[in-house]
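Lettering of chains follows the sequences in order, A, B, ..., and the numbering in each one begins at 1.
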Number of protein chains: 2
Amino acid sequence: MTRKEEIIKVAAELIREKGYVGLSMRDLAKAIGVKAASLYNHIPSKQAILSELILQLAEDFTSQIQGVAKEDSSSLDKLKKIVEHHLGLSLHYPNELAVLNNEWTHLNGEALQDFKFKRSQYEEELRQIINYGKTNNELKPLHTELVLFSMLSTLRNLNLWIKKRSSIPAEQLKNELVEVLLKGIS
Amino acid sequence: MTRKEEIIKVAAELIREKGYVGLSMRDLAKAIGVKAASLYNHIPSKQAILSELILQLAEDFTSQIQGVAKEDSSSLDKLKKIVEHHLGLSLHYPNELAVLNNEWTHLNGEALQDFKFKRSQYEEELRQIINYGKTNNELKPLHTELVLFSMLSTLRNLNLWIKKRSSIPAEQLKNELVEVLLKGIS
DNA sequence: GTCTATAAATAGATAGAC
DNA sequence: GTCTATCTATTTATAGAC
């Protein structure tokens, strides 16, 4: 791991804890074991840490869903794959995901535009999968936006919840999550 | 509305927008039309604004769910009332709810303890309603924590979503939300 | 109850030695 | 590539005039 990668990784952990504005370059440097000035040999600004962190992950999400969308399978199978991918990222990058969810508002300029574009791309792909499922009678004729919103709310909060309750094996968690999200609880 | 109430209301809006750490007392004062020093005639500190804002709303949630829990009705009816209450608060206090959701980590000392206590009280009441529904065969025998988490994720994000899509009438939104959360989408 | 002025601390970032 | 020292701006909060 390069020093730059180390900076971004440690920053993800601390931004999650204190928020982007609440984390100072001095605190970040201390956690790594250098002085604040040394950070600037590897990154141009505090903003650049946030941008790189968030946009890398956003790109991962967008490219995954675009891959799934192209597949020749049912809407339910596509939705399952999307749930699985969210779960995988929540397990491997909980800090980065928390930062993406909660701190994207502190992005500026081009990075902010880029993030919003990727996010709306993601939502649009998911919307189309849901709509296709409705025409197909795989899904109930509910408001697409409500289904989209409900699914994304749960998926986006997975990382928060996994930390607290890791007693469920990953495979069982995946299956029950699909059941809860797609088939309901009652 | 007293000046203190005005300060807290405007603060909710601006904290939602910029985050607690990102909002300065100067910005807050400017939005109200006074100088920063004048704020301290009505509130003792910036922290106190955050505490009052969050704890008022948390108290509302906790006392409501405790009222519902005592009622002599089915689990599904109780869950419906909880959904309705979340929806009502999301419509009336979107800014305050966003602050509660995203900025509670910046609470200190006793206020932080108080918040955590109220939140765990709320979750415990909801957990018991879900468990009772399971023994009753009103709900599927899924992991209680997963059902709890999934419901709360959607309910906590309602305020974000309502802003974007207010095209659905409130009554229909309530009914579909109950359908999505309790009976599933497929 | 609001103002001006200011204290004391801390922020992001840069210059230049090593 | 890391350091010390420092610049400049901004932060929360207080003192005291009006």
Side-chain angles (χ1 to χ4, degrees), chain A residues 1-55 95-96 99 102-112 114-115, chain B residues 1-55 95 99 102-112 115:
Chain A
M1 192 162 52
T2 65
R3 183 121 269 192
K4 182 178 173 179
E5 289 167 337
E6 186 189 4
I7 290 171
I8 292 178
K9 192 188 154 196
V10 175
E13 191 181 331
L14 295 178
I15 293 174
R16 175 180 190 234
E17 201 179 299
K18 301 156 177 272
Y20 173 72
V21 188
L23 173 66
S24 71
M25 295 299 274
R26 285 170 179 77
D27 287 343
L28 175 56
K30 199 168 199 171
I32 291 173
V34 297
K35 296 292 177 182
S38 306
L39 298 176
Y40 290 90
N41 236 278
H42 305 94
I43 48 99
S45 67
K46 191 186 177 188
Q47 260 291 315
I49 299 177
L50 187 68
S51 311
E52 208 150 320
L53 193 50
I54 290 180
L55 292 178
N95 297 323
E96 287 78 359
V99 172
N102 304 322
E103 307 294 329
W104 66 266
T105 45
H106 296 107
L107 290 173
N108 285 332
E110 203 181 338
L112 180 60
D114 199 4
F115 172 77
Chain B
M1 187 164 52
T2 65
R3 183 119 275 189
K4 181 179 173 179
E5 290 168 335
E6 186 188 5
I7 290 171
I8 292 178
K9 191 188 154 198
V10 175
E13 192 181 331
L14 295 179
I15 292 174
R16 175 181 190 236
E17 201 178 298
K18 301 158 178 270
Y20 173 71
V21 188
L23 173 65
S24 72
M25 295 297 274
R26 283 171 181 78
D27 288 344
L28 175 56
K30 199 167 200 174
I32 290 172
V34 296
K35 295 292 178 182
S38 306
L39 298 175
Y40 290 90
N41 239 282
H42 306 94
I43 46 101
S45 66
K46 191 186 175 187
Q47 261 291 316
I49 300 176
L50 188 67
S51 312
E52 206 149 322
L53 192 51
I54 290 180
L55 291 178
N95 297 323
V99 172
N102 304 323
E103 308 294 328
W104 66 267
T105 45
H106 295 108
L107 291 173
N108 284 334
E110 203 180 340
L112 180 59
F115 171 77

Undergrad: Taking the side chain of B/His42 as its heavy atoms from C-beta onward, which of C/dG1, D/dA13, C/dG12 lies nearest to it?
TA: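 For the B/His42 side chain, the nearest candidate turns out to be C/dG1.
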Undergrad: Should A/Glu96 and A/Lys9 count as an ion pair when the cut-off is N to O under 4.0 Å?
TA: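 Salt bridge absent between A/Glu96 and A/Lys9.
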Undergrad: Is a side-chain donor or acceptor of A/His106 paired with a backbone partner of A/Gln47 at a separation under 3.5 angstrom?
TA: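 Pair absent, no side-chain N/O of A/His106 close to backbone of A/Gln47.
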Undergrad: Can you check the B/Ile43 CD1 to D/dT14 C1' distance for me, whole Å?
TA: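 Rounded to whole Å, this separation is 13 Å.
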Undergrad: Over how many whole Å does the gap from A/Leu50 atom CG to C/dA11 atom P extend?
TA: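 Atom-to-atom, A/Leu50 to C/dA11, this comes out as 17 Å.
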Undergrad: How close or far is atom P of D/dA5 from atom CZ of A/Arg26, stated in whole angstroms?
TA: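 Computing the A/Arg26:CZ to D/dA5:P distance gives 14 Å.
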Undergrad: Hey, is the main chain of A/Ala12 close enough, under 3.5 Å, to the side chain of A/Glu17 for a donor-acceptor pair?
TA: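 It does not hold such a pair.
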Undergrad: Nearest whole angstrom, please: distance from the C1' of C/dA13 to the CD of A/Gln47.
TA: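 In whole Å, C/dA13 C1' lies 14 Å from A/Gln47 CD.
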Undergrad: How far does OG of A/Ser45 sit from CG of A/Leu39, to the nearest 0.5 angstrom?
TA: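 The OG atom of A/Ser45 sits 11.5 Å away from the CG atom of A/Leu39.
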Undergrad: Output the residues of residues 4-20 of chain B in contact with DNA chain C, where contact means a heavy atom of the residue under 4.0 Å from an atom of the strand; sort by number or write none.
TA: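 Result for residues 4-20 of chain B: none.
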Undergrad: Out of C/dA11, D/dT11, C/dG1, which nucleotide sits closest to the side chain of B/Ser24?
TA: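 Closest nucleotide among those given: D/dT11.
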Undergrad: Please work out which residues in residues 29-39 of chain B have a non-hydrogen atom less than 4.0 Å from an atom of DNA chain C and list them by number.
TA: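 Contacts with DNA chain C under 4.0 Å: B/Val34, B/Lys35, B/Ala37, B/Ser38.
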Undergrad: Is the shortest distance from a Lys or Arg side-chain nitrogen in B/Glu103 or B/Arg16 to a carboxylate oxygen in the other one below 4.0 Å?
TA: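 Looking at B/Glu103 and B/Arg16, the cut-off is not met.
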Undergrad: Expressed as a whole number of angstroms, how long is the span from A/Asp27:CG to C/dA9:P?
TA: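 Rounding to the nearest Å, CG of A/Asp27 and P of C/dA9 are 17 Å apart.
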Undergrad: Using every non-hydrogen atom in the two residues, find where A/Pro44 and A/Ala48 come nearest and quote the distance to one decimal.
TA: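 Minimum heavy-atom separation between A/Pro44 and A/Ala48: CG-CB, 3.6 Å.
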Undergrad: Donor-acceptor pair, distance only, cut-off 3.5 Å: does the side chain of A/Lys46 make one with the backbone of A/Tyr20?
TA: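 Yes, because the side chain of A/Lys46 sits within donor-acceptor range (under 3.5 Å) of the backbone of A/Tyr20.
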Undergrad: Specify the separation, in whole Å, of atom CG of B/Asn41 and atom P of C/dG1.
TA: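 In whole Å, C/dG1 P and B/Asn41 CG are 6 Å from each other.
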Undergrad: In whole Å, I'd like the distance from the CD1 atom of A/Ile49 to the P atom of C/dA11.
TA: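 Atom-to-atom, A/Ile49 to C/dA11, this comes out as 14 Å.
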Undergrad: Using five base pairs at each end to define the local axes, how bent is the helix from C/dG1-D/dC18 to C/dC18-D/dG1, to the nearest 10°?
TA: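 If I round to tens, the end axes sit 0° apart.
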Undergrad: Looking at A/Ser38 and A/Val34, would you say the former's side chain and the latter's main chain have a donor-acceptor pair under 3.5 Å?
TA: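 Checking the backbone N and O of A/Val34 against the side chain of A/Ser38, no donor-acceptor pair under 3.5 Å is found.
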Undergrad: Report yes or no: does A/Glu52 contribute a side-chain atom to a donor-acceptor pair with the main-chain N or O of A/Ile49 at less than 3.5 Å?
TA: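 Side chain of A/Glu52 to backbone of A/Ile49: no pair is present.
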Undergrad: Using a cut-off of strictly less than 4.0 Å, decide whether B/Arg3 has a side-chain nitrogen or oxygen near OP1 or OP2 of C/dT2.
TA: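 Yes.
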Undergrad: From CG of B/Leu23 over to C1' of D/dT10, roughly how many Å is that when rounded to an integer?
TA: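 Atom CG in B/Leu23 sits about 14 Å away from atom C1' in D/dT10.
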Undergrad: Between the side chain of A/Glu5 and the main-chain N/O of A/Thr2, is any donor-acceptor distance below 3.5 Å?
TA: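 Checked: pair present.
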Undergrad: Is a side-chain N or O of B/His42 found less than 3.5 angstrom from the main chain of B/Glu6, in a donor-acceptor match?
TA: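 No: the side chain of B/His42 does not pair with the backbone of B/Glu6.
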